[in-house]
There are 2 protein chains.
Amino acid sequence: MAGTGQHRVTVKDVAVLAGISTATVTRVLQDSEKVIPETRARVMAAVEQLGYRPNPMARDLRHGNRAGAVGLVMSTFTNMYQAGVAAGAEKELRNAGLQLLIGSTDEDPTREPELARAMIDRRVSALMVMPDGNEREFLSPGHLFGTPVILVGRPAGGLDADVVMTDDDRGVEEATNQLLDLGHRRIAALAGQNSSFRAKQRLGGFRSALANRGLKEEPDLVVENLITPAQARSTMADLMNLASPPTAVLALNLGISTGVLLDRIENNRKLAFIALDESELSSGLHVTALVRDPEEVGRQAAKLAIDRIAQPELPARTITLASHLVRRGTGEIAVVDDREPLEMAQPK
Amino acid sequence: MAGTGQHRVTVKDVAVLAGISTATVTRVLQDSEKVIPETRARVMAAVEQLGYRPNPMARDLRHGNRAGAVGLVMSTFTNMYQAGVAAGAEKELRNAGLQLLIGSTDEDPTREPELARAMIDRRVSALMVMPDGNEREFLSPGHLFGTPVILVGRPAGGLDADVVMTDDDRGVEEATNQLLDLGHRRIAALAGQNSSFRAKQRLGGFRSALANRGLKEEPDLVVENLITPAQARSTMADLMNLASPPTAVLALNLGISTGVLLDRIENNRKLAFIALDESELSSGLHVTALVRDPEEVGRQAAKLAIDRIAQPELPARTITLASHLVRRGTGEIAVVDDREPLEMAQPK
DNA sequence: AGCCAGCATGTCAACGATTACATTGAATTT
DNA sequence: AAATTCAATGTAATCGTTGACATGCTGGCT
């Protein structure tokens, strides 16, 4: 049943035991061509007896090095959104019999090229990349050697690649509209690095919601370049100390959402709050959140990869997944300021 | 500078361009043996001009399939602790020029064997496994074909493998002692699956702290088999409704810590609380926590793997990393029950 | 001068699986 | 019955890299 435990069993061993040639063993294993049932049975028995397992590397090598593994470049493992994407992708690939090679840039985008390159060298069948938000182009087609690339999270101008993204602009617009409908006029928007595609996309949604109602943005309430939760947290303190503080706040990424939530708990704030992306705490504390399904994003990316491996000449596709607002309470708070409604300010 | 973009460049191409044989190209690339400087320069130039990059799969194949990649089997991507381990391991491996093949069992331990097997088939140089807590033995030496295994998180009886673990027993004992020193006598301990190695290890620490002071365990305060944060959360509500509720609570894993913390925020509880493992919220909300460094665990696991690849005959090593108590306030609360001290109960 | 040492490089088989092409022999056709 | 066809299997080249072994050449030694 099991092998000897030492020597790796090869097709050759199986062939010898079954008393036939390696070609026939392969034929049985691929059940590609005609093999007489009796021969097939002998081969199967030998395979079983020796515990033979094919060597995927040798197979890949023979096949021009395209088959077994797919790469994923991410910027960090310890972000729930990214981890979710990886989980979804891995699941889908595993079902398709593919393996996942993962590398992380540790938030250092300059490492993206070398990481991608190392995977391409290893002849992954496809490469999924979650590029950092900044719109540099780091993958030049000349270095890809035909390796299909799937971009996760944002498109990249110079590259004719498949893309999976989420409609955060529309989602944020919907969230903003909900707040506007509740009467909020001073809505704070806290965003990440302003050079990033995602920050632009999300602020874009916020702005078009305002613009659609002919409202103008309040510059003091839009804060960009917040990198850490701690920054978001202290920004909230600053905002609430304004002469005319916001009555609602939109947190435009996961870290910011965490920071705002910490501030909210600590200072027992009551203003309306919509977070972006889910965490154990946003759901646990009934925070209204604009939610994307990271696992679904990962699954779709993997599907694109699998399709493209099967049909390399397919035109590039872009899949946009919907984000949706999960209403849990904090985003449904009307203007309940102990100060005065806008437009008729009067000193306290 | 760059290659043509289509045909993969091989040693042979380099050899032809440099006007020498493939063997010499290899010699230059490995700088293993003597090569005359001028030849070396010619080879380098050809490599540069063609943009040659060696094919790691072919190299691995030639080397009996041991070199380029190391496997990691984890149970889920979306747990901060596990993600941290993966991150640490990836970093260390990358520095050593190795790549990381990741698979997840999706919390289904029965998938461990097939996942491990698939990686062994792919001839990873070493296999790191974070086994689920239950003490089954899923890796039979006969199936490993000499692949070194590094166990992360718990030892496995049947296997002579390297192990990285953390001294949670000692840590929990320390945490318990701190609470006892503060005068707590009704300490709740909330633990995960009672079949798991880790739950046993941690409850063991709790129990020896009590035993060392001649105290007996309060059975109604020790709750096991809590799987989800929600269960932990509702358990807290039950405990606080006891005639004699706990004055302190120890949460013995990350999910439980989250659940207890949610309960604490929601109900504004003041009892002493020590969490296990770190999350953005435990630090953000000043929760005293028994902290392990997941990245360090991952790095150590990777180091063990690297060492073992270099020296397969090394005796198996076990590395135990210290956990330590990060005192932020909630674990330093003395008995402040609005009820009465123990031993002199009187109806309210 | 003749011989050996040793350096620089070349040749070729091998890693394990696959597959184009070759071979065998039996069955079918006329 | 000879010729043809086709099904079943075998042979050997191949994927890209490596390294044991072979070769040839230079220089030093006696």
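Every chain is numbered from 1 and lettered A, B, ... according to where its sequence line falls, protein lines coming before strand lines.
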Could you tell me whether a side-chain N or O of B/Arg53 sits under 3.5 Å from a main-chain N or O of A/Asp121, the two making a donor and an acceptor?
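No, because the side chain of B/Arg53 does not come within donor-acceptor range (under 3.5 Å) of the backbone of A/Asp121.
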
Are [X] and [Y] ion-paired here, with the side-chain N under 4.0 Å from a carboxylate O?
| X | Y | answer |
| --- | --- | --- |
| A/Arg123 | A/Asp60 | no |
| B/Arg308 | B/Asp162 | yes |
| B/Arg8 | B/Asp13 | no |

Nearest-Å distance, [atom1] ([X]) to [atom2] ([N])?
| X | N | atom1 | atom2 | result |
| --- | --- | --- | --- | --- |
| A/Met57 | D/dG16 | CE | P | 14 Å |
| B/Arg40 | C/dC7 | CZ | P | 15 Å |
| B/Asp13 | D/dC15 | CG | C1' | 13 Å |
| B/Arg27 | C/dC7 | CZ | P | 13 Å |
| B/Ile120 | C/dG16 | CD1 | C1' | 18 Å |
| A/Asn55 | C/dG16 | CG | C1' | 6 Å |
| A/Ile36 | D/dT9 | CD1 | P | 5 Å |
| A/Leu61 | C/dA17 | CG | P | 12 Å |

Under 4.0 Å between any heavy atoms, over every strand shown, what does B/Val25 touch: base, sugar-phosphate, or nothing? Just pick one.
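The residue B/Val25 makes no contact with any strand.
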
With a non-hydrogen cut-off below 4.0 angstrom, is A/Thr24 in contact with a base, only sugar-phosphate, or nothing?
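It contacts sugar-phosphate atoms only.
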
Looking at [N], I'd like to know if its phosphate oxygens (OP1 or OP2) sit under 4.0 Å from a side-chain N or O belonging to [X].
| X | N | value |
| --- | --- | --- |
| B/Thr39 | C/dT9 | yes |
| A/His63 | C/dT19 | yes |
| A/Ser21 | D/dG10 | yes |

Residue met sooner reading DNA chain D from 5', once B/Lys12 and A/Thr22 are mapped to nucleotides:
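It is A/Thr22, whose closest nucleotide lies nearer the 5' terminus.
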
Closest to side chain of B/Ala23, choosing from D/dT17, D/dG10, C/dG10
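Of the options given, the side chain of B/Ala23 lies nearest C/dG10.
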
Where the side chain of A/Ile20 is defined as all heavy atoms beyond and including C-beta, which of D/dT17, C/dT9, D/dT9 is the nearest nucleotide?
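Nearest to the side-chain atoms of A/Ile20, counting from C-beta on, is D/dT9.
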
Test item: B/Arg94 and A/Leu115 side chains (from C-beta on) under 4.5 Å apart, heavy atoms
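In contact.
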
Could one point to a donor on the side chain of B/Arg123 or the base of C/dG16 with an acceptor on the other under 3.5 Å away?
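No pair found.
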
